[in-house]
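The block underneath contains the structure these notes are about, expressed in structure tokens.
Quick note: numbers below take in every heavy atom, side chains included, and nothing from hydrogens, waters or symmetry partners. First listed ligand is number 1; within each ligand, the first listed atom is number 1.
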Amino acid sequence: MRLSRYFLPVLKENPSEAQIVSHRLMLRAGMIKQSSAGIYSWLPLGFKVLRKVENIVHEEQQRAGHMPMLMPTIQSADLWRESGRYDAYGAEMLRFKDRHDRDMLFTPTAEELITDIFRAHVGSYKDLPLTMYQIQWKFRDEIRPRFGVMRGREFFMKDGYNFDLTKEDALHAYNRHLVSYLRTYERMGLQAIPMRADSGPIGGDDTHEFLVLAETGESEVFYDSAVTDLTFGDREIDYDDHAQCAGVMEEFTNLYARTDETHDEALFNAIPEERRRVARGIEVGQIFYFGTKYSDALNAVVQGPDGKQVPVHMGSHGIGVSRLLGAIIEASHDDKGIIWPEGVTPYHCGIVNLKQGDAEADGACDALYQSLTALGLEPLYDDRNERAGGKFATMDLIGLPWRITVGPRGLKNGVVELTSRRTGQSEELPPEEAVKRVAGIYAAL
Ligand code: P5A
């Protein structure tokens, strides 16, 4: 992409309505624009990162054997009356009527809808286990939408639902989700710690939230500092192996880590004092096992091996896809702007031409652009007639992890400059070496 043709409405001033750094930087970098409270348009740069995050979620869900599908954003109230949640859900549910005076709602979550699909089509235990998910817009009429995409009213969520014959199988699905979520967040450059939590209106006793530690986080958390040493890394996992998934669950949840709703002072005080931490975190996902709550209410039964009809065991599992962009920025920025982790960066590498219009510099930039593109990478080429300082400031603000700077002086010596956004360190090297270096970094992901 050439910056001269791109729609990147960066702001020089700090927008006064933004209280936290991620919101500020998303507005300043021209990623989003608020349309009304808690509702945003995703401008090209923001949309590109949203898609990257969404793709990682898709890849990791499918790796775990979960099937993508798509349900509508508008639902009829009928199913919610059947489950008893229509009245219970409260003011967060956006309700309206269609022209025939039928009660409709904008989906805040889809346990009822998927259970209705399940009961219409599945009748035997032989069709289990089954896990399907979607990545779809949700609406919750939050009392205090704030912090940009962090607490929106309209937000993008991955919601997955498992159907199993037994509690044991459903707990395996729970563990499988935990493992896949660990992988998902790590690929985005984030450490998200599973913490025992409260299930709220979704229901059930077993639930963990995934929290990214950040001062601006909305949740208060209590944990043993040893949990921050755990990483999933690139270990092999067989998602069908119950014992292996249970082992990972055990490893990542046996140390004390809880949100304030389930915090237990006595257990916390049993941790050695120097390892006790009270902090704040951003909830980027939550997994639930709620047994037969919805299958009982909506009569979702299958014929078991002994011929008897039994309600299925279920769980649901969410990732805050749009919120993740805020969380990633909270975790990765400096005073100049965003620093994208390589896994989610909107463009792989910036190219800054220090002397636009100079035949040699223009030619070298075009050649770099072509070489990077031929290797499957997406460069963002600042080909505007701007001063170098302005170009660097824009690149720093939008946070591409790598930048190649091209100028007549370097070209005389046959070199360009490769700069890491994270460390600020630069190196002079021949253009083809710079391309190789950048390609190597992404190939290793
Ligand atoms: C699990 C999937 C559920 O809704 N039903 C289907 C279950 N869980 S949840 O915890 O309520 O939401 C899942 C994740 O969505 C994100 N989230 C939000 N993101 C932005 N703005 C909001 N207002 C908002 N509300 C929830 C969170 O990351 C949450 O973990």
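- Contact residues of ligand 1 (protein heavy atom closer than 4.0 angstrom to a ligand atom; sorted by chain and number): T109, E111, R140, E142, V149, M150, R151, G152, F155, M157, D159, Y161, I202, E283, V284, G285, Q286, F288, S316, H317, G318, G320, R323.
- Looking at Y161 and H317, their side chains never come closer than 4.5 Å, going by heavy atoms from C-beta outward.
- Cation-pi contact between R95 and Y86: present, with separation from the ring centre below 6.0 Å and deviation from the ring axis of at most 45°.
- For an aromatic pair to be called close, the ring centres must be under 6.0 Å apart, and Y289 with Y174 fails this.
- Side-chain contact between M195 and V221: present, with at least one pair of heavy atoms (C-beta onward) separated by less than 4.5 Å.
- At a threshold of 4.5 Å between non-hydrogen side-chain atoms, the residues M395 and K391 do not count as touching.
- You'll find the ring centres of F210 and Y185 inside the 6.0 Å limit.
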